[in-house]
Amino acid sequence: MSDPCILCVAITGSVPTKAANPAVPISVSEQIESTQEAFEAGASICHAHVRNADETPSSDPEKFARLKEGVEKHCPGMIIQFSTGGRSGAGQERGGMLPLRPDMASLSVGSNNFPTRVYENPPDLVDWLSSEMRTHEVTPEIEAFDLSHVLHAIRMHEAGKLHGRLYVQFVMGVKNAMPADKQVFDFYVETVKSRAPDAAWCAAGIGPAQIEVNEWAIAAGGHTRAGLEDNVRLDRERLAPSNAALIKRAADLCEKYERPVATWQQAREILRLRPFAA
């Protein structure tokens, strides 16, 4: 295969803390520095959450604005993708940063179980978030934790409810949700290819499944995500020293399967995003 592979770095998330791994970037300045390192290692998308000083999740648009400004300055051209996930806020505050017009934003189109809670994405909120993304020309990355999420995203895209090219990410390995299972993975890939042939897709693995899912996605011709949000370790004995180290590991797999790592220019072209305004 010679198709470029887009690498997304999930820099922080809402759950990992410095107690779990001191390399988890919490402050906006730490996030910018960590993103720059990952960008230089091959990441062309930054999937971003923001945190409060006490490490609790936040949905503060001001923090997102400072992060966006810093990434645009230090990682020119990198695709900025904000999270609208449910751990960071409630209701419409989850989309309060969308008027900042990031290139992309994550969008979960259905509910499912997480390890200790229900991850709630009610239909009216999903419709509002997708409407806000259309208003501000933000391309959603569909975070699919279940087969129904994949199928509903395809229906939404066919109905004109999603801005831009359909981009579906399979999130595998969350306890009580989609397992990191190769047979399931293969089925999801074929489902997207057959039902939405113009769509692009990627995959993310949680915890020890990260490197495994990275390899499945790269080998199958898709794109993939790595980073400290999903996994704080290199292996049982070693913490990951940085987001860049996890991206480097994925980039090495691209070399193994003879796929070039996508540049930010190639990633923007593949995902049909607006040009970067320097």
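Model, not experiment: these values are computed from the prediction. Along the sequence shown, residues carry numbers from 1.
- Without hydrogens or angle criteria, Asn231 side chain to Arg233 main chain gives a donor-acceptor distance under 3.5 Å.
- Counting only residues at least two apart or in different chains, side chain to side chain donor-acceptor pair (under 3.5 Å) contacts with residues 240-251 comprise Ser34-Asn243, Lys248-Asp252.
- Within a 6.0 Å radius of CD in Glu120, other residues, nucleotides and ligands contribute 12 heavy atoms or fewer.
- With rounding to the nearest 0.5 Å, the separation of CD in Gln36 from CD in Glu40 is 5.0 Å.
- Cluster annotation: Ile142 and Met104 are assigned to distinct hydrophobic clusters (Ile/Leu/Val/Met/Phe/Trp/Tyr, side-chain heavy-atom contacts under 4.5 Å, transitive).
- For the pair His47 and Phe82, the minimum side-chain heavy-atom distance is 4.5 Å or more.
- The pair Lys73-Glu69 fails the salt-bridge criterion, with no side-chain N (NZ, NE, NH1 or NH2) lying under 4.0 Å from an Asp/Glu carboxylate O.
- Atom-to-atom distance recorded for Ile26:CD1 and Arg51:CZ is 4.0 Å, nearest 0.5 angstrom.
- Closest heavy-atom contact between Thr84 and Leu98: CG2-CD2, 4.3 Å.
- Glu132 and Arg94 are not joined by a salt bridge, as no carboxylate oxygen comes within less than 4.0 angstrom of a charged side-chain nitrogen.
- Remark: the backbone N or O of Ser131 is paired with a side-chain donor or acceptor of Thr135 at under 3.5 angstrom.
- Remark: the backbone N or O of Val184 is paired with a side-chain donor or acceptor of Asp181 at under 3.5 angstrom.
- We find the CD-OG distance between Glu93 and Ser59 to be 4.0 Å, quoted to the nearest 0.5 Å.
- Contact detail for Tyr188 and Met178: the closest heavy-atom pair is CE2-CE, 3.5 Å.
- In this structure Lys182 satisfies the side chain to side chain donor-acceptor pair (under 3.5 Å) test together with Asp186, sequence neighbours excluded.
- Applying the side chain to side chain contact (heavy atoms under 4.5 Å, CB included) criterion to Gln266, with sequence neighbours excluded, gives Pro4, Ala262, Thr263.
- In this structure, CD1 on Ile11 lies 11.5 Å from CD on Glu33, to the nearest 0.5 angstrom.
- Across every non-hydrogen atom of Ser44 and Trp264, the tightest pair is CB-CA, 3.9 Å.
- Residues Tyr257 and Val213 do not share a hydrophobic cluster, defined by chaining ILVMFWY side chains whose heavy atoms lie under 4.5 Å apart.
- Under a 3.5 Å cut-off, the side chain of Thr139 and the backbone N or O of Gly164 do not form any donor-acceptor pair.
- Following chains of ILVMFWY side-chain contacts shorter than 4.5 Å, one cannot reach Leu246 starting from Met172, and the two form parts of different hydrophobic clusters.
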Take Val261 and Glu255, measure what side-chain contact (heavy atoms from CB on, under 4.5 Å) needs, and give me the verdict at the end.
CA-CA 8 Å; Val261 174; Glu255 183 175 358; over 6 Å; no
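- Put simply, the side chain of Gln31 does not reach to within 4.5 Å of the side chain of Lys63, judged on heavy atoms.
- Within the 4.5 Å cutoff, no side-chain heavy atoms of Glu215 are placed close to those of Ile218.
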Check the pair Leu107, Ser130 against side-chain contact (heavy atoms from CB on, under 4.5 Å), reporting the backbone distance first and the verdict last.
CA-CA 8 Å; Leu107 178 65; Ser130 65; 4.2 Å; yes
Could you walk me through whether Val126 and Asp124 satisfy the side-chain contact (heavy atoms from CB on, under 4.5 Å) test, starting with their C-alpha distance in whole Å, then the side-chain angles of each, then the deciding distance to 0.1 Å, before giving a yes or no?
CA-CA 5 Å; Val126 173; Asp124 58 345; over 6 Å; no
Does the pair Ile211 and Leu234 meet the rule for a side-chain contact (heavy atoms from CB on, under 4.5 Å), with working shown?
CA-CA 9 Å; Ile211 187 64; Leu234 287 176; over 6 Å; no
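- Inter-residue side-chain proximity for Ile79 and Arg268 is flagged as met; some heavy-atom pair is nearer than 4.5 Å.
- Grouping Ile, Leu, Val, Met, Phe, Trp and Tyr residues whose side-chain heavy atoms lie under 4.5 Å apart, directly or via other members, places Ile206 in a hydrophobic cluster with Phe114, Tyr119, Phe145, Val171, Val174.
- Donor-acceptor pairing under 3.5 Å is lacking for the side chains of Gln81 and Ser106.
- To the nearest 0.5 Å, the span separating CG on Asp3 from CD on Glu258 amounts to 13.0 Å.
- A side-chain donor-acceptor contact under 3.5 Å links Arg259 to the backbone of Gly222.
- Pairs engaging residues 165-179 under the side chain to side chain donor-acceptor pair (under 3.5 Å) rule: Glu141-Gln169 [sequence neighbours left out].
- Remark: side-chain polar atoms of Arg195 are not paired, donor with acceptor, to backbone N or O of Leu151 under 3.5 angstrom.
- Looking only at distances, no side-chain donor or acceptor of His223 sits under 3.5 Å from a matching main-chain atom of Ala267.
- Here the CG-CZ distance, from Leu7 to Phe39, works out to 12.0 Å after rounding to the nearest 0.5 Å.
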Carefully, step by step, assess Ser58 and Asp60 under the rule side-chain hydrogen bond (donor to acceptor under 3.5 Å, both in side chains).
CA-CA 6 Å; Ser58 172; Asp60 182 356; 4.9 Å; no
Anything under 3.5 Å between a donor and an acceptor, one on a side chain of residues 271-278, the other on a protein residue two or more places apart or in another chain? List them.
unit_1, atom_1, unit_2, atom_2, d
Arg272, NH1, Asp198, OD2, 2.9
Arg272, NH2, Asp198, OD1, 3.0
Arg274, NH1, Glu137, O, 2.6
Arg274, NH2, Arg101, O, 2.6
Arg274, NH2, Pro102, O, 3.2

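- Of all the heavy atoms in Asp235 and Glu237, the pair that sits closest is OD1-N, 2.9 Å.
- One hydrophobic cluster holds both Val138 and Val71 under the rule that ILVMFWY side chains link at heavy-atom gaps under 4.5 Å.
- Heavy atoms only, all atoms of each residue included: Ala204 and Asp230 are closest at CB-OD2, 4.1 Å.
- Inter-residue side-chain proximity for Asn21 and Leu228 is flagged as met; some heavy-atom pair is nearer than 4.5 Å.
- The shortest non-hydrogen separation linking Leu100 to Pro61 is CD1-O, 3.6 Å.
- The shortest side-chain heavy-atom distance between Lys161 and His157 does not fall under the 4.5 Å cut-off.
- When side chains are defined from C-beta on, Leu162 does not count as touching Met133, because their heavy atoms never get closer than 4.5 Å.
- Using modelled atom types and a 3.5 Å distance limit, the side chains of His49 and Ser14 yield a donor-acceptor pair.
- Inspection of the Ser111 and Asn121 side chains reveals no N or O donor paired with an N or O acceptor under 3.5 Å.
- Taking the six-membered ring where the residue is Trp, Trp216 and Phe185 present tilted rings, their angle falling between 30° and 60°.
- The existence of a salt bridge linking Arg225 and Glu229 is confirmed by a sub-4.0 Å separation between a basic side-chain nitrogen and an acidic carboxylate oxygen.
- Grouping the Ile, Leu, Val, Met, Phe, Trp and Tyr side chains by contacts below 4.5 angstrom, directly or via other members, places Val192 apart from Ile6.
- Considering only heavy atoms from C-beta on, Ile32 comes within 4.5 Å of Leu67 through its side chain.
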